[in-house]
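Data block below; observations after.
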2 protein chains.
Amino acid sequence: MRYVTIKDIADALGISKSSVSRALAGDMRNVSPSTIERVRAKALEMGYRRNMTAVNLRAKANKIIGIIVPEITTPFSMEFVTTVQEAVQPLGYRVLIAVSSEDPSRERQNLDMFENGRVDGLLVSVTHNVANRDHFENLVKSNFPIVFFDRTIRDLQCSSVCSNDGLMSFFLVEHLIRSGRRRIVNLAGPSYIENSRARSQGYREALEKFHIPLDRRLIVSGGMSVEDGAVAVERLLDGGIDFDAIYCFTETQALGAKRTLQERNLIIPQDVAICTMSGTSLSSFVYPQITAVEQNVVEMARIAVRLLLEKIDIPSAPRQNITLHSSMIVRGSTSAEESSSL
Amino acid sequence: MRYVTIKDIADALGISKSSVSRALAGDMRNVSPSTIERVRAKALEMGYRRNMTAVNLRAKANKIIGIIVPEITTPFSMEFVTTVQEAVQPLGYRVLIAVSSEDPSRERQNLDMFENGRVDGLLVSVTHNVANRDHFENLVKSNFPIVFFDRTIRDLQCSSVCSNDGLMSFFLVEHLIRSGRRRIVNLAGPSYIENSRARSQGYREALEKFHIPLDRRLIVSGGMSVEDGAVAVERLLDGGIDFDAIYCFTETQALGAKRTLQERNLIIPQDVAICTMSGTSLSSFVYPQITAVEQNVVEMARIAVRLLLEKIDIPSAPRQNITLHSSMIVRGSTSAEESSSL
DNA sequence: ATGAAAGCGCTAACAA
DNA sequence: TTGTTAGCGCTTTCAT
């Protein structure tokens, strides 16, 4: 299992390492066409493969982009990662993925791992608003190329791209209200996620616009899992609290909510409508009963990559904070129409 | 953005590089406790991070495991990748993922990329039975550590781990028959996927066992997408071909099949039952109407990692071909019971 | 216990 | 056009 090196080829051909290197790099101006040919042939014959580790050590760049995501089970993360890969592959970059499992200490570990591994840039969606804030801040201050996406840290002087959670939330709740719902549950996420707060804010504003009084009992803060969604709805039903719609922070919560409703023989969406925001159009296939607003993941990923590559190229490049204002597509059962409100 | 090196620490402390290296490595026998302390403190102060690229170049190992999968949208791939990551992280390995998108030429590119990148080992699930066979064969012959999982290449002298597609298929179809189905559609995958053939074989054997004549019109070969599933069922319905169950090769086909049935106002599973094999227990949440057999992904991943690490350690280790005979769990709507038949 | 030096495989500045 | 040399950051043998 010993690899053929540039020196092996040089020795075999009785020329110098540098000529081989140049020939292999296709340096037309500094090496004769004949040696280029001879080297190429010999390399092929001997099964030479360029040792990227050595190249990287020398170039002080690893051509690796790291992605840190809180979870990787939703279509959102999946599609984001896939899009990034496709975007950077042609440029010779590879992509390393690390999952924080919604745990700040794991996030911290991943960060360390990536720094040790000398990734050239980092795309991160944070698990927690403040937990690793200082660490991220140091990284940013040292001019390390990093771009936040989707779940960002507030007021950090760093490039980011995210969707307008508040506004989308507002429109989705407005959509529910317009289709006749009045008692809308807000299954919020934990308050340490900025997006969750923004969405709850949008929820509140939509109610206000229609002069619907805010019933605190309809706001449930807590976990984001299937189980959390299921339990929350159970509690509401058992507590005799009346509601005709559930607006969930995550798709998984929505799944749990749906399960409980079905167990209690409630009809979706006649008795209770469920809605949430979703990563991809796939979800309308997968959860046909759940109304979902699609976020434009592909666009988000492309922009994130662009910002990151710029930063890698020119470390002094100014930060850019981009909020996606893509047209909103509402799919699902509370209404069949498509409203591109934004 | 210049990184602190071992030499920087040495200079700052007025000692040699080697002492710093030893101190950092915690070499108790060859360096005094006092310098260990001084070096450690200084390293922390200066924000030193070990340059893994240099370490790897010297060690001639990259501590990277590559995974090549045909797709990454199903829970199966996801869970496999996640499990592998968790398994190798403590051992200092990182995981690089490449997606072939069911395209042999992309698979080939990924393979090249990984070889150039000098991954220490490869976990691969192939897109095609034969397309890159020669290339894989060369790799195997050169004793490169590689383990195939789930979708393997027949008769390749290389370690592999997969589930018993034929047998699981047999039991699933048997399950359908026992619950009263007689005219079972087989939405097969393309014939260049070994697993698809094995499953169709299981399908045929189950029919034989119950003396149900094989109706060729019920066997549809083709693509694996949502659309393929939807179209196949449309064709059958339009062709006036009678059926009471659909056995799908992929979850996505099942999704498409479900869509068509619902569009035609057929009730699942009363009119037509849908079943398939699935990656994880998650699918029973997501597709409650679809009967699914769970494959033991986690076990598959763990075994694959074990085999690969053995091979990396001892390149001459003999190949092992493992077929998982885990207990089969049928979940879903054709029957609520749990049959652990294997 | 510490230091000097070599070398992992590669590229590039400089020399010829 | 080609060769020589140095060096990327690290570990390790061999001297001291």
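Worth knowing before you read on, the calculation uses all heavy atoms, side chains too, and leaves out hydrogens, waters and symmetry mates. Naming convention: chains lettered A, B, ... in sequence-line order (proteins, then strands); numbering from 1 in each chain.
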- So which of residues 8-26 of chain A are in contact with DNA chain C, with a heavy-atom cut-off of under 4.0 Å? A/Lys17, A/Ser18, A/Ser21, A/Arg22

- Task: For C/dC10, take OP1 and OP2 only and decide whether either is under 4.0 Å from a side-chain N or O of A/Tyr48.
- Result: yes

- Message: Any side-chain to backbone donor/acceptor pair from B/Asp150 onto B/Ser163? Under 3.5 Å, distance only.
- Response: no

- Item | Member of A/Thr152, A/Asn321, A/Thr323 meeting the side chain to side chain donor-acceptor pair (under 3.5 Å) criterion with A/Ser160 | A/Asn321

- Note on the structure: side chain to side chain donor-acceptor pair (under 3.5 Å) test vs B/Thr127 passes for just one of B/Glu107, B/Arg106, B/Glu102, namely B/Glu107

- Does B/Pro104 offer a backbone N or O that forms a donor-acceptor pair with the side chain of B/Asn132 under 3.5 Å? yes

- Gap between atoms CZ and P, on A/Arg50 and C/dC8 respectively (whole Å): 19 Å

- Which ones in residues 51-59 of chain B lie close to DNA chain D, meaning a heavy atom under 4.0 Å from one of its atoms? B/Asn51, B/Ala54, B/Val55, B/Arg58

- Message: Check whether B/Ser21 reaches the backbone of B/Lys17 with its side chain - one donor and one acceptor, N or O, closer than 3.5 Å.
- Response: no

- Task: To the nearest Å, give me how far apart NZ (A/Lys60) and P (C/dA12) are.
- Result: 14 Å

- Rounded to whole Å, CG of B/Asn62 lies from C1' of C/dC8 at a distance of 12 Å

- Using a heavy-atom cut-off of 4.0 Å to chain B, what are the terminal contacting nucleotides of DNA chain D, in 5' to 3' order? D/dG9 to D/dT13

- Task: Go through the side-chain N and O atoms of B/Thr5 and B/Asn51 and say whether any donor and acceptor fall under 3.5 Å apart.
- Result: no

- To the nearest angstrom, how far is B/Lys7 atom NZ from C/dA5 atom P? 14 Å

- Query: Angle class for the A/His128/A/Tyr192 ring planes (parallel below 30°, perpendicular above 60°, tilted otherwise)?
  - Reply: parallel

- First encountered from the 5' end of DNA chain C, between B/Pro33 and A/Ile6: B/Pro33

- Item | Polar side-chain atom of A/Thr53 near backbone of B/Thr53 as donor-acceptor pair, under 3.5 Å | no

- Query: Under a 4.0 Å N-O cut-off, is there an ion pair linking B/Glu71 with B/Arg151?
  - Reply: no

- Query: Are B/Arg302 and B/Glu299 close enough for a salt bridge, meaning some N to O gap below 4.0 Å?
  - Reply: no

- Message: Quick one, B/Glu86 and B/Val95 - any side-chain contact, counting heavy atoms below 4.5 Å?
- Response: no

